[in-house]
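Working notes, beginning with the structure itself.
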Amino acid sequence: GAGVLVTGALKLAGPPPPLALYLHWPFCLAKCPYCDFNSHVRERIDEPRFRTALLAELAWEAARLGPRRLASIFFGGGTPSLMAPETVAALIAAATTHFAADPGIEVTLEANPTSVEATRFAGYRAAGVNRISLGVQALDDSVLRFLGRKHDQAQALAALAAARTIFPRASFDMIYARPGQSVQDWQA
């Protein structure tokens with residue numbers, strides 16, 4: 001299922017270190033053959049119900065942990081860019097209400113570079129996301145099909161260009177050492 005993971009090593013003396021909050025969105029448009037993450041393909045997602053469950057779990061964790069500083073929020077998955085920006089905004093607002101956000105808090109959302117999901121980038125930025133992490137995985141259309149990805153090279157590059165204009169920070173994932181990949185393929 002879904003979940004909220006809060007990490008931070010405990011010290012024996014002094015104030016506790018800041019927290020890193022991970023929010024898991026386990027839904028995808030397709031299950032990639034290389035993926036071992038808790039992710040599921042569903043025809044329909046009851047997003048309001050799922051949002052309510054995440055907010056309740058976040059409140060429970062906050063009550064359990066007590067007052068703490070929050071250094072980062074990371075939306076992972078699955079495919080968090082399938083969430084409505086309003087859901088992302090609600091989760092960020094709850095997290096920064098339950099915990100005191102550091103002034104430079106990094107709020108990251110993983111996204112697929114399909115054109116449909118890239119249209120939501122401005123909404124995520126308005127919701128408070130300040131770093132996008134794109135699951136590009138490869139820049140070769142035949143490899144992307146082999147990996148079960150729903151985007152092509154052109155969409156990946158367009159999404160990265162859009163991300164750079166909308167977010168102060170953007171990163172992207174690439175898969176290295178896939179079956180049959182040569183050093184020359186990686187360099188290309």
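Residues E47 and W25 are in side-chain contact: their nearest non-hydrogen atoms beyond the backbone lie under 4.5 Å apart. Contact check for L70 versus I105: side-chain heavy atoms found under the 4.5 Å cut-off. For the pair T52/L54, no side-chain contact is recorded, criterion being any heavy-atom separation below 4.5 Å from C-beta on. Looking at heavy atoms from C-beta onward, V129 lies in side-chain contact with I92 at the 4.5 angstrom threshold. Side-chain atoms of P67 and F99, non-hydrogen and from C-beta on, never get closer than 4.5 Å to each other. Between V136 and L160 the shortest side-chain heavy-atom distance does not fall below 4.5 Å. Side chains of Y124 and F75 form no contact here, defined as non-hydrogen atoms less than 4.5 Å apart. Looking at heavy atoms from C-beta onward, I132 lies out of side-chain contact with T108 at the 4.5 angstrom threshold.
Listed here is the closest heavy atom pair of R149 and Q137: NE-CG, 3.6 Å. Considering all non-hydrogen atoms of both residues, G135 and P113 come closest at O-CD, 3.5 Å. Counting all heavy atoms, side chain and backbone alike, R69 lies closest to P16 at NH1-O, 4.2 Å. Closest approach of A111 and F121 over heavy atoms only: CB-CE1, 4.1 Å. Contact record, A127 with V88: CB-CG1, 4.1 Å, taken as the closest heavy-atom pair. Nearest approach of A101 to T96, heavy atoms of both residues: CB-CG2, 3.8 Å.
Checking E110 against S81 by side-chain atom types alone, no donor-acceptor pair falls below 3.5 Å.
In the hydrophobic cluster analysis, where Ile, Leu, Val, Met, Phe, Trp and Tyr join through side-chain heavy atoms closer than 4.5 angstrom, L65 is grouped together with L55. No continuous path of ILVMFWY side-chain contacts below 4.5 Å connects L91 to W60, so the two sit in separate hydrophobic clusters.
Considering only residues two or more places apart in sequence or on other chains, S142 meets the side chain to side chain donor-acceptor pair (under 3.5 Å) condition with D140.
With hydrogens and angles ignored, the 3.5 Å screen pairs a side-chain donor or acceptor of S182 with a backbone N or O of D185.
Ring geometry for Y22 against F74 counts as parallel: the plane angle stays under 30°, on a 0 to 90° scale with 60° as the upper cut.
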Donor-acceptor pairs under 3.5 Å, side chain of residues 168-175 to any protein atom, not counting sequence neighbours: which ones?
{"unit_1": "R169", "atom_1": "NE", "unit_2": "E106", "atom_2": "OE2", "d": "2.9"}
{"unit_1": "R169", "atom_1": "NH2", "unit_2": "N130", "atom_2": "OD1", "d": "3.3"}
{"unit_1": "S171", "atom_1": "OG", "unit_2": "R131", "atom_2": "NH2", "d": "2.8"}

